[in-house]
Amino acid sequence: MNFIRTLDKWLVKIEEQILSYSIILIAIMVVGNVISRAVIGSSWAFHQEVSRFAVTVATFMGISYAARKGRHISMSAFYDMAPFPIRKALAIIIPAITALILFTLSVFAYEYFMSLVASGRVTTAMQVPVYLFAMFVPIGFVLGGIQFLRNMWVNIKEKEVYLAQEKKDYS
């Protein structure tokens with residue numbers, strides 16, 4: 001069990017680093033390109049590819065991080081009005097279904113990734129293999145699915161309702 005906790009701590013740090021650098025890279029690309037157009041009069045040829053890569057990484061790696069922290073998007077009108085037993089049941093059922101969907105999407109994303117590897121396509125400006133853009137999609141789906149399973153498990157194990165491992169429900 002110690003190994004899993006240590007692995008989880010390392011995974012959090014890696015996710016935070018990846019997300020941080022992705023957001024910084026997006027900001028640099030957007031601001032840098034605007035400055036380049038204003039000063040030099042032309043855009044960076046590679047800015048769109050780098051920005052798209054960073055947004056893809058931030059989006060799909062962010063699934064896991066948001067689920068871990070209980071900061072994911074939720075439609076909670078019915079959930080918030082429900083009595084405790086129904087909220088508790090929903091806190092188990094919703095993450096289970098979400099995890100199942102994410103694992104299913106990860107299979108499709110992996111197949112798409114492998115088709116990109118086989119195609120040998122490269123980006124227009126930087127001549128980078130296109131599959132590098134899609135590499136983080138199945139990884140993000142799998143890590144997100146694992147986090148939602150953890151959220152489901154904490155709600156099975158504990159009496160209170162949890163939105164994430166360490167975040168109790170606000171209701």
Side-chain angles (χ1 to χ4, degrees), residues 3-76 93-153 163-167:
F3 171 74
I4 292 175
R5 283 194 185 109
T6 304
L7 181 65
D8 189 51
K9 287 179 184 177
W10 277 97
L11 187 59
V12 171
K13 294 207 180 295
I14 291 169
E15 285 175 345
E16 287 173 345
Q17 293 294 313
I18 289 172
L19 291 172
S20 297
Y21 286 118
S22 294
I23 300 301
I24 291 168
L25 188 57
I26 292 166
I28 290 170
M29 287 294 109
V30 171
V31 172
N33 193 49
V34 168
I35 292 171
S36 175
R37 274 196 317 239
V39 173
I40 301 172
S42 66
S43 293
W44 294 340
F46 59 88
H47 115 275
Q48 185 177 7
E49 290 175 5
V50 174
S51 296
R52 187 179 308 150
F53 174 73
V55 167
T56 302
V57 170
T59 300
F60 291 98
M61 292 303 289
I63 294 171
S64 173
Y65 191 76
R68 175 188 301 275
K69 300 294 183 181
R71 303 296 300 163
H72 47 81
I73 295 173
S74 61
M75 304 300 248
S76 62
I93 294 167
I94 292 170
I97 292 170
T98 304
L100 181 65
I101 290 168
L102 289 175
F103 289 136
T104 303
L105 288 173
S106 72
V107 171
F108 291 120
Y110 179 75
E111 289 172 359
Y112 178 66
F113 167 74
M114 292 308 292
S115 74
L116 290 176
V117 170
S119 75
R121 289 181 17 205
V122 294
T123 62
T124 308
M126 297 188 316
Q127 297 297 305
V128 174
V130 174
Y131 66 81
L132 291 178
F133 286 81
M135 178 174 67
F136 289 94
V137 177
I139 294 169
F141 281 145
V142 168
L143 292 176
I146 291 168
Q147 290 307 318
F148 277 105
L149 285 180
R150 290 178 70 195
N151 294 348
M152 177 194 71
W153 179 248
L163 298 175
Q165 279 300 110
E166 299 169 1
K167 185 174 181 181

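Looking only at distances, no side-chain donor or acceptor of S36 sits under 3.5 Å from a matching main-chain atom of G41.
Taking the side chain as every heavy atom from C-beta outward, Q147 and Y65 never approach each other to under 4.5 Å. Residues L11 and L143 meet the side-chain proximity criterion, which asks for heavy atoms closer than 4.5 Å.
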Identify all side-chain donor-acceptor contacts of residues 50-61 below 3.5 Å with residues at least two apart in sequence or on another chain.
unit_1 : atom_1 : unit_2 : atom_2 : d
S51    : OG     : H47    : O      : 2.8
T56    : OG1    : R52    : O      : 2.8
T59    : OG1    : V55    : O      : 2.7

Donor-acceptor pairs under 3.5 angstrom involving side-chain atoms of residues 121-135: please list them, not counting sequence neighbours.
unit_1 : atom_1 : unit_2 : atom_2 : d
T123   : OG1    : E49    : OE1    : 3.0
T123   : OG1    : Q127   : N      : 3.2
T123   : OG1    : V128   : N      : 3.1
Q127   : NE2    : T123   : O      : 3.1
Q127   : NE2    : T124   : O      : 2.9

In a table with atom names and distances, give each donor-acceptor pair under 3.5 Å that connects a side chain of residues 97-112 to protein atoms at least two apart or in another chain.
unit_1 : atom_1 : unit_2 : atom_2 : d
T98    : OG1    : I94    : O      : 2.8
T104   : OG1    : L100   : O      : 2.8
S106   : OG     : F103   : O      : 2.6

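Residue pairs meeting the salt bridge (Lys or Arg N to Asp or Glu O under 4.0 Å) criterion with at least one member in residues 33-43, sequence neighbours excluded, do not occur. Sequence neighbours left out, the pairs with a member in residues 14-26 that pass salt bridge (Lys or Arg N to Asp or Glu O under 4.0 Å) are E15-R68.
To the nearest 0.5 Å, atom CD1 of residue I28 and atom CG of residue N33 are 13.0 Å apart. Considering CG of L163 and CZ of R71, their distance stands at 9.5 Å, rounded to 0.5 Å. Taken from CE in M114 to OG in S119, the straight-line distance is 11.0 Å, to the nearest 0.5 Å. For the atom pair CD1 (I146) and CG (N151), the distance works out to 12.0 Å, reported to the nearest 0.5 Å. Atom CG of L19 and atom CD1 of I24 lie 11.0 Å apart (nearest 0.5 Å).
With sequence neighbours excluded, no residue forms a side chain to side chain donor-acceptor pair (under 3.5 Å) with Q165.
Residue P95 comes nearest to F148 through the heavy atom pair CB-O, 3.3 Å, listed as atom of the first residue, atom of the second, then distance.
The number of heavy-atom neighbours closer than 6.0 Å to CH2 of W153, taken from other residues, nucleotides and ligands shown, is 12 or below.
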